[in-house]
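Because only heavy atoms are used, hydrogens play no part in the values below, and waters and symmetry mates are left out as well, while side chains stay in.
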Amino acid sequence: MYDHEQDALCQVRQMSLLDELGQVTHIFSDKTGTLTSNHMEFRRCIIDGIPYGVGDTAISRAVSGEAGGTVVPRRSRPTPAFACCKPSTATYVNYEESEQGVSLLDELPGRDEGAARRREFMVNLAVNHSVLLEMVNGREELCASSPDEQAFVAGAEFFGFELVQRNSEKATLTIRDKISGAMHIVELLVAFPYESSRKRMSVLVRLPPALVESCGGGSAVRLYSKGADSVMLSVLAANSRGSDGPSVTELQKLLCDWADIALRTLVFCKREVDHFDEWYARWAVASNSVEQIRKHKLGEPNAISQLQAELESQMELQGATAIEDKLQDGVPEVLADLRTAGIKVWMLTGDKIGTAKNIATACNILPRAGARVLELTTESHPVLNELKTSELLKAQLVMAAVEAERDAAAQADWGRATHRRQAAEAAHEEELLNQIKRFDREHAELVSVRSDLEKQWAAMATVQASGAMHSTGTGGTTFCMVLDEKAIEYCGVLCKSLLAAVGSGCHSVVACRARKDQKAQLLNLVKENVKKSCCLAIGDGANDVAMIKAGHIGVGIIGKEGMQAVNNSDFAIGQFRFLRQLLLVHGRMSYQRMSIFCYYMFYKNIANVLAMYLYTVFFALASGERLYLAIYIELYNIVYTSIPIIM
């Protein structure tokens, strides 16, 4: 049965949201898929400490303001026959080699140990993913929840290892070795999907003998893993290839250089598993235990996570990749218009600091010059890197309990609970001070983090008092802030009010390395501490759902990362540039229409009731005699309510 009342409530809710769209003050945007095109291209890689690939990116050229870039002579000699992709996957690869540099394409067919390691790196790209092969409009396409994986699979195909088939029933992958012409069936044993808490994905596979021989021999059962360098470099086996200090430092420097030109990087590792049968017996028991599954979902200590961590250790470094995520059309212009409208933009992303800053600069989120940028990251304040997440989590739990008591006291009866409210407020301040002192004793340089926040706030107050502060960035002094994961953890717990004040006063804020829970945390920070703020959250993936649900208004982008964001949003759009029409056209028009409609309803009812009032007082002498017939009253409401609105 059609629920008319529910439909009416939905219409009222939609009208209310459109009304709020005309008054948005803050936009919280995830970078992936919202500002960028979600079309990834494989650009570079590093294997055995040797980098391969050249070329600037669209974002690096936008930041530098150059039409071209660094001119490097490209490879002019013919490429090997295997170095190609199908038309459906060729769009995901944009790999170029220089004329004089080392050539990965020439090294792959070799028979030495180095060539075997390079081939196994490509095997990692070809099997460690969740990509499906589907027929779309008569053409086989790579379908994946993440566009990164499409680029990895296409890159593996370009370098000689093509994904031919994925058999979910038999849990196998068919890989064609274009270098030798052989077909290999790889058995998928266990998959550890990507989680933001682990920042990596792994698959346990059994390679066929011919592929084992092509990769240099060894155990047939192998673990292939990929993830962020911050976690992957910490699980390397001691004295393994590439695990020594100088090699790790050199790799991290190269990854930072790639991040500075807005390339997204991942580190790839492997491990040969000789004790698979013994480990799998324990894994089967844990993965089939209802209690262990429940604990794993709740984030409590459990056997499943322990067995994952046991296997994802003592690994050997294979190398790293760099893929390019290009900007969508019209993003800088849209953000400039939003800034002119007085809307403040927060870009929340999981990318590295250099990548996020360059993308923010290319998108006009961070001005290229003339802004006071406060950076609170592990690069500007190394002491933040010394903080352990477990310590900050304990402090967060303690402060949450104290804040809950304070909020409960604040909601108590005003006349009878003054003493309780004062005591709760005092207890909150005392506990906050104790936590700050405790961290300062262990990490004395944390004082500089709070000091920089206070200086930025003082500078804002001074500029605002002089009238030279412009939130639109069109003149005067503008303030910006850059945070990372550790800064959010520390300041979000121990400097919450100050962080909210500085963040709200900034022209724009960029949060790097932010987890999905931290995105929602930052949005709630503004909602709770900045009065009269109207926050809009926009994202395109499952990791943005918490942020979208936390906002006053949620906007999901229909992209290549599933429909979770759209299903949890109030509005859905196809690209970020449509946000201009949604906010500045439809939202504003709805706000005006609602205002006119409210005035009109007052006018209509006053005109109707005033005539009845005058008749009753001066003519009917309060006798209760009616001036209007019932049918006239109904016609009045129909005519005066519907016809003018329709017109």
Asker: Taking the side chain as every heavy atom from C-beta outward, state whether T349 and I359 have any pair of such atoms under 4.5 Å apart.
Answerer: no

Asker: So, do F121 and F159 have ring centers that fall under 6.0 Å from each other?
Answerer: no

Asker: Which distance, rounded to the nearest 0.5 Å, do you find between the OG of S508 and the CG of L338?
Answerer: 12.0 Å

Asker: Using a 4.5 Å cut-off on heavy atoms from C-beta on, say whether the side chain of K519 contacts that of D544.
Answerer: yes

Asker: Run the side-chain contact (heavy atoms from CB on, under 4.5 Å) test on C534 and I553 for me, step by step, so that the C-alpha distance in whole Å, both residues' side-chain angles and the decisive distance to 0.1 Å come before the verdict.
Answerer: CA-CA 8 Å; C534 184; I553 304 163; 4.1 Å; yes

Asker: Taking D570 for the side chain and G554 for the main chain, is one N or O donor matched with an acceptor at less than 3.5 Å?
Answerer: yes

Asker: Are E312 and R198 close enough for a salt bridge, meaning some N to O gap below 4.0 Å?
Answerer: yes

Asker: Give a yes or no on whether the backbone of M40 and the side-chain of Q150 come within a donor-acceptor separation of less than 3.5 Å.
Answerer: no

Asker: Compare all side-chain heavy atoms of T378 with those of R513 and state whether any distance is below 4.5 angstrom.
Answerer: no

Asker: Are side-chain heavy atoms of Q521 and R515 found at a separation under 4.5 Å?
Answerer: no

Asker: Show me the pairs that pass salt bridge (charged side-chain N to carboxylate O under 4.0 Å, His left out) and involve residues 388-400, at least two apart or across chains.
Answerer: none

Asker: Hydrogens and angles aside, do T57 and E324 bring a side-chain donor and acceptor to less than 3.5 Å of each other?
Answerer: no

Asker: For Y490 and F439, take the angle between the two ring planes, folded into 0 to 90°, and tell me which bin it lands in: parallel under 30, tilted 30 to 60, perpendicular over 60.
Answerer: perpendicular

